[in-house]
There are 2 protein chains.
Amino acid sequence: MEFEKAKETFIQTWGKLGSEWGINRTMAQVHALLLIAPEPLSTDEIMSDLQISRGNANMNLRDLMNWNLIEKVIKPSDRKEYFEAEKDIWEIARRITRERKRREIEPLKDVLKDLKKVKGDKKDKALKQFTETVGNLETFVDKMDKSMDFLLKADEHWFFGTLVKAFK
Amino acid sequence: MEFEKAKETFIQTWGKLGSEWGINRTMAQVHALLLIAPEPLSTDEIMSDLQISRGNANMNLRDLMNWNLIEKVIKPSDRKEYFEAEKDIWEIARRITRERKRREIEPLKDVLKDLKKVKGDKKDKALKQFTETVGNLETFVDKMDKSMDFLLKADEHWFFGTLVKAFK
DNA sequence: TTGTATTTTCAATAATTACTGAAAGTATAA
DNA sequence: TTATACTTTCAGTAATTATTGAAAATACAA
């Protein structure tokens, strides 16, 4: 396979995967492009590589910065801004985990906690099932949340090493 | 909080969470409804509870069956089909993991394997970075995939017990 | 097998989400 | 401070994704 084709495939695959996980396809493509770039890229390079508008590029670069996946790089004697991606996959995984935890798990925990306060006839089957489901879910989410905390603290070698040993 | 309000909040929250993770909002809502239903529900009950059309209900129920999250229930002397959700959260997590692994991780592994075959000048910086990123990604995805296999085999108590012990 | 209840399909349409491009805003060098 | 190089914003538009509803298909009872 030629490099140009491989690059194209990589970017498309990463974009598709992103959209399957609720991440804007273009944002994932910009990320892919930066992941394989040996040097920081300018907005113009990203625009022409992915054939997207300045506005779109700008927006998605900002989002990627909010996810802590890329950084601005300033070159001396150059007014343009350049962008560089964190390349360590384990570190990327941790940053994504951190963000999703903050954006989704924590608000979910709050809602579930609240839902347990539901009032009504304790004999009602519907209420009973509701309470049970919400309770089980809360327990599960708590455990997942704690597991994520461990993952965030751990380094890759130790994490996978321990996991593999534990489950052998 | 009144039961009706709590139910509504639960369904909305589950739907929102689903859409943040790339799952059709309505499909997640149907799932939420069935998760708190003490008895199997008919298509008509789902339609009227969620205010959606027959076609929409049918489509999303089929998708949920493809994810192995719900089952058809046939009642004797009743032509209607009823639907019931798996209620065990750990089992739900395993089924979702199994599907996402099959639908997304395995195809991704194939693509990455393929991308490593890229040809070109070994001195080229761009190619070097590409090969390195793809290689690191492949290693990482392999490890995640193996971790998921362990999770699929394990039971909840053992899984979280071991995890918490391992990381204490 | 025929009539009826129910489910499925899918073209048309609606709703949502993403993108463009140009104008406004900002920072820098001279 | 002014000209210029660049970035940001956002209203309008495009693209994508989800939903409807009615016709076709299916399954069942008599």
Side-chain angles (χ1 to χ4, degrees), chain A residues 11-34 40-67 69-84 103-104, chain B residues 11-34 40-67 69-84 103-104:
Chain A
I11 290 168
Q12 290 307 120
T13 303
W14 206 241
K16 182 157 165 286
L17 193 73
S19 73
E20 285 166 344
W21 285 81
I23 284 155
N24 176 308
R25 173 183 265 91
T26 302
M27 171 169 144
Q29 289 179 343
V30 173
H31 189 218
L33 182 61
L34 289 171
L41 300 180
S42 69
T43 302
D44 291 270
E45 289 168 310
I46 291 164
M47 284 166 63
S48 80
D49 261 38
L50 300 179
Q51 293 292 310
I52 59 174
S53 72
R54 187 170 300 282
N56 196 9
N58 185 272
M59 228 182 57
N60 283 297
L61 285 166
R62 176 155 22 88
D63 283 353
L64 282 166
M65 287 192 286
N66 290 336
W67 277 85
L69 297 176
I70 68 170
E71 283 197 336
K72 258 186 206 171
V73 175
I74 303 300
K75 294 192 184 183
S77 77
D78 188 343
R79 272 197 204 178
K80 275 207 186 90
E81 295 178 342
Y82 293 78
F83 299 90
E84 185 173 36
R103 296 177 189 211
E104 290 146 19
Chain B
I11 290 169
Q12 291 307 119
T13 303
W14 207 241
K16 182 157 167 286
L17 193 73
S19 73
E20 285 165 344
W21 286 81
I23 285 155
N24 177 307
R25 173 184 264 89
T26 303
M27 171 169 145
Q29 289 179 344
V30 173
H31 189 218
L33 182 60
L34 289 171
L41 300 182
S42 68
T43 301
D44 291 86
E45 290 168 310
I46 293 163
M47 285 165 63
S48 81
D49 261 38
L50 301 179
Q51 293 292 310
I52 59 175
S53 72
R54 187 170 301 281
N56 196 8
N58 186 270
M59 228 183 56
N60 283 300
L61 286 165
R62 176 158 21 88
D63 283 353
L64 282 166
M65 286 192 285
N66 290 336
W67 278 85
L69 297 176
I70 67 171
E71 285 196 336
K72 256 185 207 173
V73 175
I74 304 299
K75 294 193 183 181
S77 78
D78 189 343
R79 273 199 203 175
K80 277 209 186 88
E81 296 177 341
Y82 292 78
F83 299 89
E84 185 173 37
R103 296 178 188 208
E104 289 146 19

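A, B, ... follow the sequence lines: proteins, then strands. Residue 1 opens every chain.
- Legend: residues meeting side chain to side chain contact (heavy atoms under 4.5 Å, CB included) with Thr43(A), ordered by chain and number and at least two apart, are Met47(A), Arg54(A), Ala57(A), Leu61(A), Phe83(A).
- Residues Lys80(B) and Ser42(B) approach most closely at CD-CB, 3.8 Å, considering heavy atoms.
- Between the CD atom of Glu45(B) and the P atom of dT6(C) there is a distance of 12 Å, given to the nearest Å.
- If you measure from atom CG of Leu61(B) to atom C1' of dT8(C), you get 12 Å, rounded to the nearest angstrom.
- Side chain of Asn56(B) to main chain of Ile52(B): no donor-acceptor pair is present (N/O by atom type, distance under 3.5 Å, no hydrogens or angles).
- Residues satisfying the salt bridge (Lys or Arg N to Asp or Glu O under 4.0 Å) test with Arg62(B), not counting sequence neighbours, are none.
- Atom CG of Leu41(A) is separated from atom C1' of dC6(D) by 17 Å (rounded to the nearest Å).
- The CD1 atom of Ile74(B) sits 11 Å away from the C1' atom of dT7(C) (whole-angstrom rounding).
- Glu81(B) has its CD atom 12 Å from the C1' atom of dA5(C), to the nearest Å.
- The heavy-atom pair separating Gly15(B) from Gln29(B) by the smallest distance is CA-CG, 3.9 Å.
- The stretch residues 11-23 of chain B has no heavy atom under 4.0 angstrom from DNA chain D at all.
- The two residues Leu50(A) and Val30(A) make their nearest non-hydrogen contact at CD1-CG2, 3.6 Å.
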Heavy-atom contacts, protein to nucleotides 19-28 of chain D, under 4.0 Å, summarised as B (base), S (sugar-phosphate only) or - (none) per nt, yield BBB-----BB
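- dT8(D) atom C1' lies 13 Å from atom CE of Met47(A), rounded to whole Å.
- Nucleotide dC6(D) holds its P atom 8 Å from the CG atom of Asp44(A), rounded to whole Å.
- Crowding of Glu71(B) atom CD: a count of heavy atoms from other residues, nucleotides or ligands under 6.0 Å not exceeding 12.
- Looking at residues two or more places apart in sequence or on another chain, you find a salt bridge (Lys or Arg N to Asp or Glu O under 4.0 Å) between Arg103(A) and Glu99(A).
- Distance CG (Asp78(B)) to P (dA29(D)): 10 Å, rounded to an integer number of Å.
- Lys72(B) is linked by a salt bridge (Lys or Arg N to Asp or Glu O under 4.0 Å) to Glu81(B), counting only residues two or more places apart in sequence or in another chain.
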